[in-house]
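Everything numeric here is computed off the predicted structure, so don't read it as measured data. Numbering of ligands and ligand atoms starts at 1, following listing order.
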Amino acid sequence: MGKNITEKIVSEHLEEGEMEPGNEIALEIDQVLSQDTTGTMVWLQFEALGIEEQKTEVAGQYCDHQTYQFDFKNTDDHRFLKSAAQKYGAHYSRPGNGICHQVHKENFAEPGKTLLGADSHTQTQGGLGMLSIGAGGLDIATVMGGAPYYVEMPEVVNVRLEGELPGWATAKDVILEMLRRLTVKGGVGKVFEYTGPGVESLTVPERCTIANMGTELGATSSVFPSDEETKDYLRRLGREEDFSALEADDGAEYDDEVVIDLSDLEPLVACPSMPDKVVPVSEVEGEDVEQVIVGSCTNGAYEDIKAFAGALDKNEVHEDVHSIVAPASKQAAEQLAREGEVADMMEAGVNWSESTCGACIGIGHVPASDSVSLRTFNRNFEGRSGIEDDNVYLCSPEVAAAASVTGEITDPRDYADDYGVDAPGIVLPDGFGGQDPDLLAPEDAPDDVELSKGPNIGSVPLGDDLEDEIGGETILKVGDDITTDHIIPATSDILKFRSNIDKLSEFTLSRVDEEFASRAKEKGGGFIVGGENYGQGSSREHAALCPMYLGIEAVVAKSFARIHKANLLNFGLLPLTFVDNDDYDKIDEGDDLHLENVIEAVDGDQETTQLTLVNETKDEEIPVKLDASLREREYVLAGGKLPHTRQNA
Ligand code: MIC
Ligand code: SF4
């Protein structure tokens, strides 16, 4: 039987387990990456493991989220990250050099290899035929210590692309179409593998845009073949030697199939405030726009900004619009500057930001109250832009250009007619240059580096041993689709405490209920009750670590997002699901809940065990399940993965 691409990469890296969907497998990881808001915990946990040097082929530590360094705490974080990268053998990318996924793509991504990243959009590198997966920081730390990465073998979905993109439809519209069809829950437990004749017509940066937003589908990963396009792209990056061809065998089997005819696609937007609220641009045409931003790890590459510039075609930015480009890497910015594109855009009224995630998580360029912001990003969760009740639409660089000029959401085909502009298409540079001074190689590091810890760098909190009886109040009950941005927001006022859990935990779930942290502390912990897809979005393990720190022992929900569930288990919290989702209605905030015989239920030799949750306030017995591998069960029994790893080292 032929293998698909995912099975080929998995089988080459399989250390334990069977490639049966749903089975836990242990994967050997070739490369890791972390960024500046997850990296501090990654390295603090790596330090706690007591290992002298990281053991993967390539480790990249990028400084991209908090590059404005508006507080010494950010700068101290960067200094700490540099010292950790140099001490333990990672590449260090200086603040302003670019977003981790873009800089990793430019320098290290390699077909056929595995990558684990402490950022949910790590799957971007699937555009180059790499199996790349986002995970919590502790998983990165243990992989750097030489352990495999344990993950459920995903189902592999064949996304067959037919035809070619017409005029103003783009790669962004391919992934928005996937979100329109499958929703933000549609990819849980799956890898989307893109095949079919349409793949050939897509350049690597376009493939990366599509792979990047597999995260918004909830997917474990997304992957494209590695072909002549990949070879050509690596050649332009000066890394042709990293190329190897990779495609599915004839007769490869898949668990499911989605067919998209690229020729049928039209320009789409995701409406506020969920990436799957997708409609054709024409349906929301005429909506006034006050802010347009081109950038992020989805559409901030050289090719995206070039397309924006091409679509702008030197037309002036509308007087009511603030139009901003935030390049995803300094290399992209440098290239565009050399070509004169930057000057042309500036002349047209576009502003230029440094290379950063920035506005994507509400750091800078917070939209005005009651205004529409149109962004080429991947997430528009409510409040993520830095203001509650925001109206963020997600779109392609071409749609961003049309709105910059007209001042309203405009179908770029109408804009093209009115302004006489041709669809720019994707233009690749002959070659990329620059950037070397901003990427420090581990082999050039001095021998005697010590970790540099400023006053804001705390220590790693450890969980308590699991108790056989767990009781406490329902400190909070929330609805569906609670994101990690709700649990631990990433805005500038809060992000600076990522390495200081004592302080950070004060903000836990503050966007839902400002009193949550103080109530949890006062009550000595308790339970959180959630709806579907609890913890979707970011990989930030702080969304598990902070509730643990506040004494929360279990989250009972209808379902969980993949990375968040793994993070809860890593820190010894119980992610429990209802056997019957209607029982969600049998618990109210403030109800006293009780679990008995917990150790027996966790210590079982089954991947699914059942417990009885007693609602003492309402005198109800509610059956709940723990779905966790035998290994994850050991973590919980030991009070978390870190104590477990140390005990077994
Ligand atoms: C995000 O897009 O939400 C982030 C900020 O990049 C996060 C990482 C973090 O919280 O630090 C992610 O996607 O994992
Ligand atoms: Fe940065 Fe936004 Fe990408 Fe997260 S989604 S890595 S914040 S650009």
Side-chain angles (χ1 to χ4, degrees), residues 33-42 60-68 74 77 81 93 95 97-105 116-125 132-137 139-140 175 208-209 211-216 218-219 275 293-301 304 326-329 332 353-365 375-381 383-386 392 394 483-492 494-499 504 507 535-546 561-564 566-567:
L33 71 77
S34 52
Q35 35 88 340
D36 52 354
T37 58
T38 53
T40 44
M41 270 298 141
V42 168
Q61 172 56 56
Y62 303 92
C63 296
D64 47 4
H65 287 64
Q66 40 183 346
T67 65
Y68 293 126
N74 310 123
D77 277 355
L81 293 172
S93 176
N97 189 37
I99 302 175
C100 54
H101 309 302
Q102 178 66 19
V103 181
H104 202 85
K105 174 171 87 179
L116 195 71
D119 192 279
S120 64
H121 289 99
T122 298
Q123 57 186 292
T124 310
Q125 313 306 336
S132 46
I133 304 177
D139 288 327
I140 312 303
I175 191 64
C208 289
T209 293
N212 172 280
M213 282 186 79
T215 306
E216 277 49 66
I293 313 184
V294 178
S296 86
C297 56
T298 313
N299 281 122
D304 298 302
S329 74
S353 143
E354 81 168 306
S355 301
T356 181
C357 297
C360 184
I361 39 169
I363 299 185
H365 304 301
R375 302 172 165 205
T376 66
F377 301 177
N378 49 38
R379 287 183 174 148
N380 58 348
F381 303 144
R384 182 175 158 98
S385 68
V392 176
L394 307 173
T483 70
T484 47
D485 281 323
H486 290 108
I487 306 172
I488 284 293
T491 42
S492 51
I494 302 177
L495 200 64
K496 60 190 178 201
F497 297 117
R498 281 288 181 94
S499 44
L504 186 71
F507 298 94
Q536 72 159 317
S538 147
S539 63
R540 66 193 73 142
E541 60 194 343
H542 307 77
L545 197 44
C546 292
R562 178 186 68 90
I563 306 179
H564 185 59
N567 284 337

**Report entry** Between Asp77 and Ser499: side-chain donor-acceptor atoms closer than 3.5 Å
**Finding:** yes
Requested in this report: Could you see which bit of Arg384 sits under 4.0 Å from ligand 2, with heavy atoms only: side chain, backbone, both or neither?
Outcome: side chain
Report task. Between Cys357, Cys297, Ala328, flag the one that comes closest to atom 1 (Fe) of ligand 2 by a heavy atom. Result -> Cys357
Query - Residues Thr483, Gln536; criterion side-chain hydrogen bond (donor to acceptor under 3.5 Å, both in side chains); working and verdict - result: CA-CA 5 Å; Thr483 70; Gln536 72 159 317; over 6 Å; no
Query raised in the report: Do Arg379 and His121 have side-chain heavy atoms sitting under 4.5 Å apart?
Result: yes
Report summary line: The protein heavy atom nearest to atom 13 (O) of ligand 1 is Ser120 OG, 2.5 Å
Query - Protein heavy atom at shortest distance from atom 4 (Fe) of ligand 2 - result: His65 NE2, 3.9 Å
Query - Under 4.0 Å to a heavy atom of Thr37 - the qualifying atoms of ligand 1, by number - result: 9 (C), 11 (O)
Query raised in the report: Minimum heavy-atom separation for Ala543 to His564, with atom names?
Result: O-CE1, 3.4 Å
Query raised in the report: Who's the nearest protein heavy-atom neighbour of atom 2 (Fe) of ligand 2, and how far?
Result: Cys360 SG, 2.3 Å
Query raised in the report: What are the two closest heavy atoms between Ile363 and Leu495, and how far apart are they?
Result: CD1-CD2, 3.3 Å
Report task. If you have a sec, work out which protein heavy atom is nearest atom 1 (C) of ligand 1 and how many Å separate them, to one decimal? Result -> Arg379 NH1, 3.2 Å
**Report entry** Which atom of Ser120 lies closest to which atom of Thr215, heavy atoms considered
**Finding:** O-OG1, 3.0 Å
Report task. Select one of side chain, backbone, both or neither to describe which atoms of Asn378 lie under 4.0 Å from any atom of ligand 2, heavy atoms only. Result -> side chain
Query raised in the report: Shortest non-hydrogen contact from Pro489 to Ile494?
Result: O-CG2, 3.5 Å
Query raised in the report: Is any side-chain N of the basic residue among Arg540 and Asp485 closer than 4.0 Å to the acidic one's carboxylate O?
Result: yes
Query raised in the report: Can you find a side-chain donor-acceptor pair between Asn299 and Thr376 that sits under 3.5 Å?
Result: no
Report task. Name the closest protein heavy atom to atom 10 (O) of ligand 1, giving the residue it belongs to and the distance to 0.1 Å. Result -> Arg540 NE, 2.5 Å
Requested in this report: Give the atoms of ligand 1, by number and element, whose distance to some non-hydrogen atom of His65 is under 4.0 Å.
Outcome: 4 (C), 5 (C), 6 (O)
**Report entry** Under 3.5 Å side-chain donor-acceptor pair for His101 and Asn212
**Finding:** no
Report summary line: Thr38 heavy atoms within 4.0 Å reach ligand 1 at atoms 9 (C), 11 (O)
Report task. Would you mind telling me if ligand 2 is within reach of the side chain of Asp64, the backbone, both or neither, using heavy atoms under 4.0 Å? Result -> neither
Query - Taking every non-hydrogen atom, the tightest pair across Ser353 and His365 - result: CB-NE2, 4.4 Å
Requested in this report: Taking all non-hydrogen atoms of both residues into account, name the closest pair between Pro275 and Asn380 and its distance.
Outcome: N-OD1, 3.1 Å
Report task. Answer with side chain, backbone, both or neither: which part of Ala490 has a heavy atom less than 4.0 angstrom from an atom of ligand 1? Result -> neither
Query raised in the report: Is there a heavy atom of Gln102 sitting under 4.0 angstrom from any atom of ligand 2?
Result: no
Report task. Within a distance under 4.0 Å of any heavy atom of Asp119, pick out the atoms of ligand 1 and give their elements. Result -> 4 (C), 6 (O), 7 (C), 8 (C), 12 (C), 13 (O), 14 (O)
Report summary line: ligand 2 atoms nearer than 4.0 angstrom to some heavy atom of His121 are 5 (S)
Query - Under-4.0 Å heavy-atom contact with ligand 1, by part of Met41 that carries it - result: neither
Query raised in the report: Touching ligand 1 at all, His542? Heavy atoms, strictly under 4.0 Å?
Result: no
Report task. Specify the protein heavy atom at minimum distance from atom 2 (O) of ligand 1: its residue, its atom name, and the distance to 0.1 Å. Result -> Arg384 NH2, 2.8 Å
Query - Between CD1 on residue Ile99 and CG on residue Asp64, distance to nearest 0.5 Å - result: 6.5 Å
Query - Atoms of ligand 1, numbered as shown, that sit under 4.0 Å from any heavy atom of Arg498 - result: 9 (C), 10 (O), 11 (O)
Query - Ser296: numbered ligand 2 atoms lying under 4.0 Å from its heavy atoms - result: 8 (S)
Requested in this report: Would you please test Tyr68 and Asn74 for side-chain contact (heavy atoms from CB on, under 4.5 Å) and show each step?
Outcome: CA-CA 8 Å; Tyr68 293 126; Asn74 310 123; over 6 Å; no
Report task. Give the atoms of ligand 1, by number and element, whose distance to some non-hydrogen atom of Ser539 is under 4.0 Å. Result -> 12 (C), 14 (O)
Query raised in the report: Near Ser538, which atoms of ligand 1 are under 4.0 Å from a heavy atom of that residue?
Result: 3 (O), 7 (C), 8 (C), 9 (C), 10 (O), 12 (C), 13 (O), 14 (O)
Query - atom 8 (C) of ligand 1 [closest protein heavy-atom partner, distance rounded to 0.1 Å] - result: Gln35 NE2, 3.2 Å
